[in-house]
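Report on one structure; see the data block that follows.
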Amino acid sequence: MPVPAFTESGGGAEPPLAESYLDLLRRGDDDGGIAPPAAVVQERELPLIDLACLMMATGGGGGGARERAACADAMARAASEWGFFQVTGHGVGRGLLERLRAEQARLFRLPFETKAGAGLLNGSYRWGSPTATSLRHLSWSEAFHVPLASISGRTACDFGDLGSLRGVMQEVAEAMSRVAKAVAVALAGSLLRQEAAAAAFPAGCDETTCFLRLNRYPACPFGAGTFGLVPHTDSDFLTVLCQDQVGGLQLIKDARWVAVKPHPDALIVNIGDLFQAWSNNRYKSVEHKVVANAKAERFSAAYFLCPSYDAPVGSCGEPSPYRSFTFGEYRRKVQEDVKTTGRKIGLPNFLKQHYPPQ
């Protein structure tokens, strides 16, 4: 099979994704090489939920108990049936997100050597899939995965010559943190039915343990089946995502891949593995991916609600299908599995052996 032609662009800013792709293609490990054409998938609207009553209550404003309960119930249904939903009324202003988008563009336009060096954002830069042995494992993307402690100044962090980047990232992180906390408490409350207990959920999560990830998916000239981000589930409690209008996010619904239609004013929330475990599988951590776009680059930013590494994940009640484990234990097992098998196994590793099927 002939190797596709590719001309590198971007004035040295682009990561060597094409080289990785072509190297894997030459190895011939993919039953013919190029990733198979993407199957036609249906574009779907995620459940759309207005958070205004929750966010006003969080800020000490209005929002009646009946409205808050209806909002929480709508999110609980979506978390059970989809694992994903969109939210409006979240209080994260469009102007702030536009400022973040401009800062992301400046950041990712820097020379590759600068991004990949140990200095910028404390070496949090990632690109592609360094351990990939197959095109099925290659992600056509680059990202900075930054701890909130580095953004807030609790720990030292080098922002290089991008003087305004820290301030914008901190504003976005604080705004998304409020959204994540309000959603998490509401979802926990739908299961616990005790506001006092839910208010402390999730334990061990604060501004020192969570992450903000800035993503860029360059335009990809290769096969339509190329992944911008390989299929995966998130290893956190929940994720809050803002994305542009390019599209490309897909998720599993009713055993089929569906494409998520972008909504200009909405943030996307998805359930992570820890919340599925805590909820005794009532809420679903759903496999999702990003499909690369042949013509347009795509930007997104994700806030990951994570506990400290020594925090026990816990359960909303017994019996639980999962044995006790900490977030650190979970992360170490995921990393071990990826290294040894090439894929994440995740929650099945922590099931009790003889838990009766539900």
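- Taking CD1 of Ile345 as the start and OG1 of Thr340 as the end, the distance is 7.0 Å to the nearest 0.5 Å.
- Interatomic distance, Ser279 OG to Leu191 CG, rounded to the nearest 0.5 Å: 6.0 Å.
- Here the straight-line distance linking atom CD of Glu174 with atom CG of Leu148 works out to 8.5 Å at 0.5 Å rounding.
- Taking hydrophobic clusters as Ile, Leu, Val, Met, Phe, Trp and Tyr residues chained together by side-chain heavy-atom distances below 4.5 Å, Val286 does not share a cluster with Leu48.
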Original post:
For Arg282 and Cys316, what are the C-alpha separation, side-chain angles and deciding distance, and is it a side chain to side chain contact (heavy atoms under 4.5 Å, CB included)?
Top reply: CA-CA 10 Å; Arg282 291 177 176 86; Cys316 66; 3.6 Å; yes

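- Thr226 and Cys220 make their closest contact through CG2-SG, 3.8 Å (heavy atoms, listed as atom of the first residue, atom of the second, distance).
- Side-chain contact between Cys71 and Leu51: present, with at least one pair of heavy atoms (C-beta onward) separated by less than 4.5 Å.
- Side-chain contact check for Ser300 and Asn215: at least one donor-acceptor pair (N or O, by modelled atom type) lies under 3.5 Å.
- The backbone N or O of Val260 lies less than 3.5 Å from no partner atom in the side chain of Arg44, so there is not a single donor-acceptor pair.
- A 4.5 Å side-chain heavy-atom check between Glu207 and Ser177 finds every atom pair outside the cut-off.
- In the hydrophobic clustering of ILVMFWY residues, with side-chain heavy atoms under 4.5 Å counting as a link, Val240 and Val87 come out together.
- No donor-acceptor distance shorter than 3.5 angstrom exists from the side chain of Asp236 to the backbone of Cys306, with no hydrogens or angles considered.
- Counting heavy atoms from C-beta on, the side chains of Leu249 and Arg298 come closer than 4.5 Å.
- In this structure a side-chain-to-backbone donor-acceptor pair under 3.5 Å is missing from Arg136 to Phe227.
- To the nearest 0.5 Å, atoms CD1 (Ile151) and CD (Glu171) are separated by 12.0 Å.
- Looking at His232, its side chain does come within 3.5 Å of a backbone N or O of His288 through a donor-acceptor pair.
- Scanning both residues, Pro221 and Trp140, for their nearest heavy atoms gives CD-CZ2, 4.0 Å.
- In this structure, Trp257 is a member of the same hydrophobic cluster as Leu241, with clusters built from ILVMFWY side-chain heavy atoms closer than 4.5 Å.
- You'll find the side chain of Met75 reaches within 4.5 Å of the side chain of Leu54, heavy atoms only.
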| field | Thr88/Asp50 under side chain to side chain contact (heavy atoms under 4.5 Å, CB included): CA gap, chis, key distance, verdict | value | CA-CA 5 Å; Thr88 58; Asp50 187 350; 3.9 Å; yes

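- Counted by atom type alone, Asn349 and Tyr330 present zero donor-acceptor pairs between their side chains at under 3.5 Å.
- Side chain to side chain, Asp265 and His263 fail the donor-acceptor criterion of an N or O pair below 3.5 Å.
- The shortest side-chain heavy-atom distance between Thr155 and Pro147 does not fall under the 4.5 Å cut-off.
- Residue Asn280 comes nearest to Pro319 through the heavy atom pair ND2-O, 3.6 Å, listed as atom of the first residue, atom of the second, then distance.
- The backbone N or O of Gly228 sits less than 3.5 Å from a side-chain atom of Ser141, completing a donor-acceptor pair.
- Lys284 places no side-chain N or O within donor-acceptor distance of the main-chain N or O of Ile271, the cut-off being under 3.5 Å.
- Side-chain contact check for Tyr217 versus Asn293: every heavy-atom pair is 4.5 Å or farther apart.
- The aromatic rings of Phe112 and Tyr125 sit perpendicular, their planes meeting at an angle over 60°, well past the 30° parallel limit.
- The backbone N or O of Arg343 lies less than 3.5 Å from no partner atom in the side chain of Asp337, so there is not a single donor-acceptor pair.
- Atoms OH and CG, from Tyr21 and Leu135 in turn, are 5.0 Å apart once rounded to the nearest 0.5 Å.
- Between Phe201 and Phe275, the ring centre distance stays below 6.0 Å.
- Both Leu17 and Leu107 belong to a single network of hydrophobic side chains, linked directly or stepwise wherever heavy atoms of I, L, V, M, F, W or Y lie under 4.5 Å apart.
- Side chain of Ser315 to backbone of Glu318: no donor-acceptor contact under 3.5 angstrom is found.
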- request: Determine, stepwise, if the pair Leu100 / Val168 fulfils side chain to side chain contact (heavy atoms under 4.5 Å, CB included).
  value: CA-CA 6 Å; Leu100 178 65; Val168 174; 4.0 Å; yes

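- Between Pro262 and Glu43, the closest heavy-atom pair is CD-OE2, 4.3 Å.
- Considering every non-hydrogen atom in both Val246 and Asp244, the closest pair reads N-OD1, 3.1 Å.
- The salt bridge (charged side-chain N to carboxylate O under 4.0 Å, His left out) test with Glu142 is passed by exactly one of Arg126, Arg109, Arg213, Lys115: Lys115.
- The residues Arg106 and Glu103 are annotated as salt-bridged, a charged nitrogen and a carboxylate oxygen being separated by less than 4.0 angstrom.
- Remark: Arg27 engages Asp23 in a salt bridge, criterion side-chain N to carboxylate O under 4.0 Å.
- The hydrophobic cluster containing Leu97 does not contain Phe211, counting ILVMFWY residues as joined when their side-chain heavy atoms lie under 4.5 angstrom apart, directly or transitively.
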**Message:** With side chain to side chain contact (heavy atoms under 4.5 Å, CB included) as the criterion, how do Phe85 and Val183 come out once you've worked through the C-alpha distance, each side chain's angles and the decisive distance to 0.1 Å?
**Reply:** CA-CA 11 Å; Phe85 50 92; Val183 170; 3.9 Å; yes

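- The closest donor-acceptor contact from the side chain of Tyr283 to the backbone of Leu187 lies under 3.5 Å.
- Lys339 has no carboxylate O lying under 4.0 Å from a charged side-chain N of Glu336, or vice versa, which leaves the two without a salt bridge.
- With respect to Arg216 and Glu14, a salt bridge is recorded, a charged nitrogen being found less than 4.0 Å from a carboxylate O.
- Expressed to the nearest 0.5 Å, how far CG of Asn270 lies from OG1 of Thr239 amounts to 4.5 Å.
- The minimum heavy-atom distance between Ala182 and Met55, with the atom names listed, is CB-SD, 3.8 Å.
- No side-chain heavy atom of Thr209 sits less than 4.5 Å from a side-chain heavy atom of Pro307.
- A 4.5 Å side-chain heavy-atom check between Pro47 and Trp82 finds at least one atom pair inside the cut-off.
- At least one donor-acceptor pair closer than 3.5 Å links the side chain of Gln276 to the backbone N or O of Ser285.
- Electrostatic pairing of Asp273 and Lys344 counts as a salt bridge here, judged by a charged N lying under 4.0 Å from a carboxylate O.
- No option in Tyr309, Phe304, Trp278 other than Tyr309 meets the ring pair (Phe, Tyr, Trp, His ring centres under 6.0 Å) test with Phe327.
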